[in-house]
Number of protein chains: 2
Amino acid sequence: MDQRQALAAFGALSQETRLHIIRMLVVSGPDGMAAGSIAEKAEVSPSNVSFHLKELERAGLIAQQRESRSIIYTANYEALGGLIRFLMEDCCGGNAEICAPAAAVAACCTPATKEELQ
Amino acid sequence: MDQRQALAAFGALSQETRLHIIRMLVVSGPDGMAAGSIAEKAEVSPSNVSFHLKELERAGLIAQQRESRSIIYTANYEALGGLIRFLMEDCCGGNAEICAPAAAVAACCTPATKEELQ
DNA sequence: TCAACGATTCAAGGATTATTGAAATATGGA
DNA sequence: TCCATATTTCAATAATCCTTGAATCGTTGA
């Protein structure tokens, strides 16, 4: 993740509807969600959700794939991890104490990872 | 760090000049930097840097304090750590593998923390 | 082929954000 | 007090982003 991507990702996440969408897609996992379901759950119009999905895709945070009539969107875990990494390295580069609380969260996440990863 | 703050923080970091400023302030540590120095290093006009500093402060990512004629800005480490934490918990809440790369970075940061903290 | 469904695209508007330069504020020293 | 320094505020403009509804595109089944 370079700075260009990070700037786009921060911009994408700075909007309430889009943050909500990302949350839903992360939770829904590899199965993802159809655009219509996203619109329904987020309570926004189809054209509006389409606008925000395009924005999230442009930032590389989600991917799409057509499934019959629906278009399924999935969160890009690699990009999200990369963004966290960018934030930490950018912040840790020189001063490290910012990462301490993050390390605590990471410690709480990694046990689950052992089971989740493959 | 609640969602409102996170949205503001993401918005603040989605602008090139502001990301640059945050980087400089994190590196400069508790001493911080005067507005003029920031403007000079970032190569933007005084009024423009003032605009961006206000934006960063509004998002809670930096703090200011007057020092004679200068106004010294410092990075808010707690807020930056809180933002990383928000991103991780928001992403890890349901699926954990996103945090794996972040955990790796955290592991690389924590050794330094032992010396840096106090 | 035609109709219906799921979704995107487009244009218009309104709202927010960024940049600029001039004017104003605050501080410290002659 | 007066001037210089450091910075902010303000107004105007430009640029970007968000929302809305209508029109369009691709897919499926009758």
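These figures come from a predicted structure and were not determined experimentally. Proteins come first, then strands; the chains are lettered A, B, ... in the order of their sequence lines, and each starts at number 1.
The CD atom of A:Glu57 sits 13 Å away from the C1' atom of C:dA7 (whole-angstrom rounding). Put simply, CD1 on A:Ile72 is 7 Å from P on C:dA7, counting in whole angstrom units. When the C1' atom of C:dT8 is taken as reference, atom CG of A:Leu53 falls 10 Å away, rounded to whole Å. A straight line from CD of A:Gln64 to C1' of C:dA7 spans 10 Å, rounded to a whole angstrom. Rounded to an integer number of Å, the gap from A:Leu7 CG to C:dT17 C1' is 15 Å. One interatomic measurement links the two molecules: CZ of A:Arg66 to C1' of C:dC5, which rounds to 11 Å at whole-angstrom precision. When rounded to the nearest whole Å, the span between NE2 of B:His52 and C1' of C:dT17 equals 9 Å.
Other residues, nucleotides and ligands contribute over 12 non-hydrogen atoms within 6.0 Å of the CD atom of B:Gln3.
Set against C:dT27, C:dT9, C:dA18, the side chain of A:Lys54 has C:dT9 as its closest nucleotide.
Looking at every heavy atom in both residues, A:Tyr73 comes nearest to A:Ala35 through CE1-CB, 4.0 Å. Counting all heavy atoms, side chain and backbone alike, B:Thr74 lies closest to B:Leu25 at C-CD1, 4.3 Å.
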Problem set entry | A:Asp2 vs A:Phe86, side chain to side chain contact (heavy atoms under 4.5 Å, CB included): CA-CA, chis, key distance, verdict | CA-CA 8 Å; A:Asp2 61 6; A:Phe86 178 90; over 6 Å; no
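Projected onto DNA chain C by closest heavy-atom contact, A:Ile71 and B:Arg58 fall at different nucleotides, the more 5' of which corresponds to A:Ile71. Map A:Ser14 and A:Ser68 each onto its nearest nucleotide of DNA chain D; the residue landing nearer the 5' end is A:Ser14. Heavy-atom nearest nucleotides on DNA chain D were determined for A:Arg69 and for A:Arg18, and the one closer to the 5' end corresponds to A:Arg18.
Heavy-atom contacts of chain B under 4.0 Å fall on DNA chain D between two terminal nucleotides, which in 5' to 3' order are D:dA4 to D:dT9.
Contact check for B:Ile22 versus B:Val26: side-chain heavy atoms found under the 4.5 Å cut-off. Side-chain contact between A:Leu13 and A:Leu19 is present, with at least one heavy-atom pair separated by less than 4.5 Å. Put simply, the side chain of A:Met33 does not reach to within 4.5 Å of the side chain of A:Ile72, judged on heavy atoms. Looking at A:Gln65 and A:Ile71, their side chains never come closer than 4.5 Å, going by heavy atoms from C-beta outward.
Among the atoms of the strands shown, none is found under 4.0 Å from any heavy atom of A:Glu55. Among the heavy atoms of the strands lying under 4.0 Å from A:Ser50 is at least one base atom, whether or not backbone atoms are also near.
Cluster membership check: B:Phe51 does not share its hydrophobic cluster with B:Val49, using side-chain heavy-atom separations under 4.5 Å among Ile, Leu, Val, Met, Phe, Trp and Tyr.
Within residues 32-49 of chain B, the residues that place at least one heavy atom under 4.0 Å from DNA chain C are, in residue-number order, B:Ser47, B:Asn48.
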